[in-house]
Amino acid sequence: NISPYRILGVSGTLQALGEYEKSILDQYGLNKFIHVPSVYGSSNFQFDKAGDGIYFEENTSNFFHRISAEIIAATKSRRAVIVFFQNRSKLDMFVSNPIFHQLGRNKKLLTEDMEPSDK
């Protein structure tokens, strides 16, 4: 038992917990839960359909164009976009590519070496 005075969290998964998951939380002394509905309404999250979202491109240029096209399509639908790169050098390659600058001004980078105040 970790005996906390209070644990607060936001997960969006509380209602989906099964008895097994609840029993594990109970082992840590977490056995009282409160569900507060979102002030933003229900989630519109959807998993990609089979086959969607996985692409293979011939070269880096095509890869960057594909990423940009996906970003543009999502933002035109008023959706937020987070893009993860395998490592910092691949991110730097994308950022230095002219296609990155065509994505407009409303973009932010988040890297592990940023100062906490900049994150």
Side-chain angles (χ1 to χ4, degrees):
N1 190 334
I2 56 176
S3 302
Y5 175 73
R6 188 173 285 136
I7 294 180
L8 301 175
V10 178
S11 71
T13 58
L14 187 58
Q15 290 180 302
L17 291 177
E19 291 304 316
Y20 177 74
E21 290 89 357
K22 288 179 183 177
S23 71
I24 292 172
L25 292 173
D26 190 50
Q27 292 174 14
Y28 292 94
L30 304 173
N31 51 28
K32 294 180 184 175
F33 305 98
I34 297 174
H35 174 259
V36 179
S38 172
V39 297
Y40 301 106
S42 61
S43 171
N44 64 355
F45 176 80
Q46 296 175 2
F47 282 102
D48 281 339
K49 295 179 181 74
D52 288 355
I54 300 173
Y55 302 100
F56 295 94
E57 297 298 340
E58 291 181 23
N59 55 50
T60 303
S61 179
N62 289 357
F63 177 62
F64 290 161
H65 278 86
R66 171 64 72 175
I67 291 172
S68 298
E70 294 292 328
I71 292 170
I72 291 167
T75 55
K76 280 185 178 178
S77 298
R78 303 185 49 79
R79 307 237 6 215
V81 177
I82 301 175
V83 180
F84 293 91
F85 288 87
Q86 183 177 13
N87 54 46
R88 180 61 187 261
S89 67
K90 298 218 190 269
L91 168 64
D92 291 341
M93 286 174 58
F94 181 64
V95 170
S96 66
N97 190 288
I99 196 79
F100 177 77
H101 302 289
Q102 294 176 9
L103 293 173
R105 296 173 30 195
N106 195 15
K107 55 189 180 288
K108 306 283 185 223
L109 298 179
L110 176 64
T111 63
E112 67 275 6
D113 59 350
M114 293 174 73
E115 292 295 323
S117 61
D118 294 332
K119 291 184 179 180

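Just so you know, these numbers use all the heavy atoms, side chains as well, and skip hydrogens, waters and symmetry mates.
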Trainee: Is there a donor in the side chain of Thr111 and an acceptor in the side chain of Asp113, or the other way round, less than 3.5 Å apart?
Mentor: yes
Trainee: Is the closest basic N to carboxylate O distance between Arg88 and Asp92 below 4.0 Å?
Mentor: yes
Trainee: Quick check for you: to the nearest 0.5 Å, what is the distance between Arg66 atom CZ and Ile71 atom CD1?
Mentor: 12.5 Å
Trainee: Taking only residues two or more places apart in sequence or in another chain, which ones pass side-chain hydrogen bond (donor to acceptor under 3.5 Å, both in side chains) with Ser89?
Mentor: Asn87
Trainee: Tell me, with the steps shown, if Ile67 and Phe63 meet side-chain contact (heavy atoms from CB on, under 4.5 Å).
Mentor: CA-CA 6 Å; Ile67 291 172; Phe63 177 62; 3.5 Å; yes
Trainee: In residues 100-107, what donor-acceptor pairs under 3.5 Å come from side-chain atoms, sequence neighbours left out?
Mentor:
residue	atom	partner	partner atom	Å
His101	NE2	Val95	O	3.3
Lys107	NZ	Gly104	O	2.2

Trainee: Can you measure from NE2 (His65) to CG (Asn59) and round to the nearest 0.5 angstrom?
Mentor: 10.0 Å
Trainee: In sequence, state the C-alpha distance, the side-chain angles, and the governing distance for Asn31 and Leu25, and then conclude on side-chain contact (heavy atoms from CB on, under 4.5 Å).
Mentor: CA-CA 7 Å; Asn31 51 28; Leu25 292 173; over 6 Å; no
Trainee: Around Phe56, counting heavy atoms of other residues, nucleotides and ligands shown, do more than 12 lie under 6.0 Å from its CZ?
Mentor: no
Trainee: Compare all side-chain heavy atoms of Leu110 with those of Phe84 and state whether any distance is below 4.5 angstrom.
Mentor: no
Trainee: Are Phe64 and Met93 close enough, and set up right, to give a side-chain contact (heavy atoms from CB on, under 4.5 Å), and what steps lead you there?
Mentor: CA-CA 9 Å; Phe64 290 161; Met93 286 174 58; 3.9 Å; yes
Trainee: Do Val83 and Leu91 come close enough that some side-chain heavy atom pair is under 4.5 Å?
Mentor: no
